[in-house]
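Atoms within each ligand, like the ligands themselves, are counted from 1 in listed order. Quick caveat: nothing in here was measured; it's all calculated off a predicted structure.
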Amino acid sequence: MPAVGGLDALISVTYDIVANDFVRAGEAASKIKRLLQQLGVEPGIIRRAAIAAYEAEMNVVIHSYGGRIAANITADSIEILCEDSGPGIPDIEKALQEGYSTASEDIREMGFGAGMGLPNIRRSAEEFSIESACGQGTRLKVKILHKVGD
Ligand SMILES: Nc1ncnc2c1ncn2[C@@H]1O[C@H](COP(=O)(O)OP(=O)(O)O)[C@@H](O)[C@H]1O
Ligand SMILES: [Mg+2]
């Protein structure tokens, strides 16, 4: 039985993310979370997907020129894709380290910039990939399985 009741088709949603818009920041992740709740996804899975979507969205708001986030939901998994138009991450290994952040003092005063976003996204998902380069955009992809091992 699928963990999502009666769902075997793909449901996809995509939202634009505007750089430095702290009024709307987090809205896309909230909408994805609400959709998963409406679909009856297991709360623990929703929590992990919501963390990944929120941290990915905030990174685009804070660190990028803007982009978009998509959620592709099937009976087996929730895939979250987040891409932006730059400026990219020069050293991905470093960016993945806990506590590493290039956030400005202003951003830190708003309560962001703990450097735990990417590590928490990676922890929340069964599959994680990030593609980026200096001067190019960043493309983050995570997959969360409704159920592992059957
Ligand atoms: N979409 C992005 N575009 C450019 N740089 C990014 C992006 N996402 C993350 N980074 C870089 O990776 C670092 C670590 O990200 P993260 O772990 O989410 O911590 P934080 O957002 O708190 O700084 C950021 O400080 C930034 O330098
Ligand atoms: Mg972050």
Side-chain angles (χ1 to χ4, degrees), residues 3-4 10-39 41-74 76-149:
V4 177
L10 180 75
I11 293 176
S12 295
V13 288
T14 304
Y15 301 105
D16 287 330
I17 306 170
V18 179
N20 291 310
D21 183 349
F22 289 93
V23 174
R24 293 190 53 202
E27 271 185 17
S30 293
K31 286 177 185 163
I32 290 168
K33 183 177 179 180
R34 211 168 311 136
L35 173 61
L36 295 173
Q37 286 168 338
Q38 285 163 352
L39 291 170
V41 174
E42 190 197 306
I45 301 295
I46 295 177
R47 198 176 52 79
R48 287 163 55 201
I51 288 169
Y54 177 77
E55 294 295 346
E57 180 181 4
M58 292 313 298
N59 279 353
V60 173
V61 172
I62 292 169
H63 304 293
S64 92
Y65 304 143
R68 58 189 188 161
I69 187 166
N72 301 315
I73 304 150
T74 70
D76 298 326
S77 69
I78 301 156
E79 185 182 73
I80 293 168
L81 266 159
C82 190
E83 42 192 13
D84 63 57
S85 54
I89 303 175
D91 186 338
I92 293 176
E93 279 312 308
K94 214 185 221 180
L96 286 169
Q97 283 171 18
E98 295 193 1
Y100 177 82
S101 177
T102 58
S104 67
E105 205 46 54
D106 287 358
I107 294 292
R108 286 167 201 264
E109 272 168 23
M110 294 173 77
F112 304 108
M116 291 304 292
L118 291 177
N120 282 335
I121 294 170
R122 177 147 71 168
R123 243 195 306 274
S124 74
E126 271 82 17
E127 289 175 29
F128 172 92
S129 74
I130 185 164
E131 290 164 39
S132 188
C134 203
Q136 288 171 31
T138 297
R139 188 181 151 90
L140 179 100
K141 188 166 138 180
V142 302
K143 199 180 238 186
I144 294 160
L145 304 180
H146 292 303
K147 217 161 210 167
V148 186

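Note that OG1 of T102 is 10.0 Å distant from CD1 of I107, once rounded to the nearest 0.5 Å. The CD1 atom of I32 sits 12.5 Å away from atom CD of Q37, with the distance rounded to the nearest 0.5 Å. Note that the CZ atom of R123 and the CD1 atom of I121 stand 11.0 Å from one another [nearest 0.5 Å]. How far CG of D91 is from CG of L96: 9.0 Å, rounded to the nearest 0.5 Å.
Annotation: atom 1 (N) of ligand 1 to nearest protein heavy atom, D84 OD2, 2.8 Å. The nearest heavy-atom contact from the protein to atom 23 (O) of ligand 1 is S101 OG, 2.5 Å. Among all protein heavy atoms, the one lying closest to atom 12 (O) of ligand 1 is A95 CB, 3.4 Å. Taking atom 17 (O) of ligand 1 as the reference point, the nearest protein heavy-atom neighbour is L118 N, 2.9 Å. Scanning all protein heavy atoms for the shortest distance to atom 22 (O) of ligand 1 gives G115 N, 2.8 Å.
By the criterion of a heavy-atom distance under 4.0 Å, the backbone of A114, and not its side chain, is placed next to ligand 1. With a 4.0 Å cut-off on non-hydrogen atoms, I121 does not touch ligand 1 at all. Both the backbone and the side chain of T102 come within contact range of ligand 1, each with a heavy atom under 4.0 Å. Contacts between I89 and ligand 1 below 4.0 angstrom, taking non-hydrogen atoms only, involve the side chain exclusively.
The shell of residues lying under 4.0 angstrom from ligand 1, judged by heavy atoms, includes Y100.
Close approach of ligand 1 to P119 (heavy-atom distance below 4.0 Å) involves ligand atoms 17 (O).
Minimum heavy-atom separation, E57 to I69: N-CD1, 4.5 Å.
Checking N59 against the Mg ion (ligand 2), an N/O/S atom falls under the 2.8 Å cut-off.
Among the atoms of E55, none of the N or O lies under 3.5 angstrom from an N or O of ligand 1.
For the pair L81 and R139, the minimum side-chain heavy-atom distance is below 4.5 Å.
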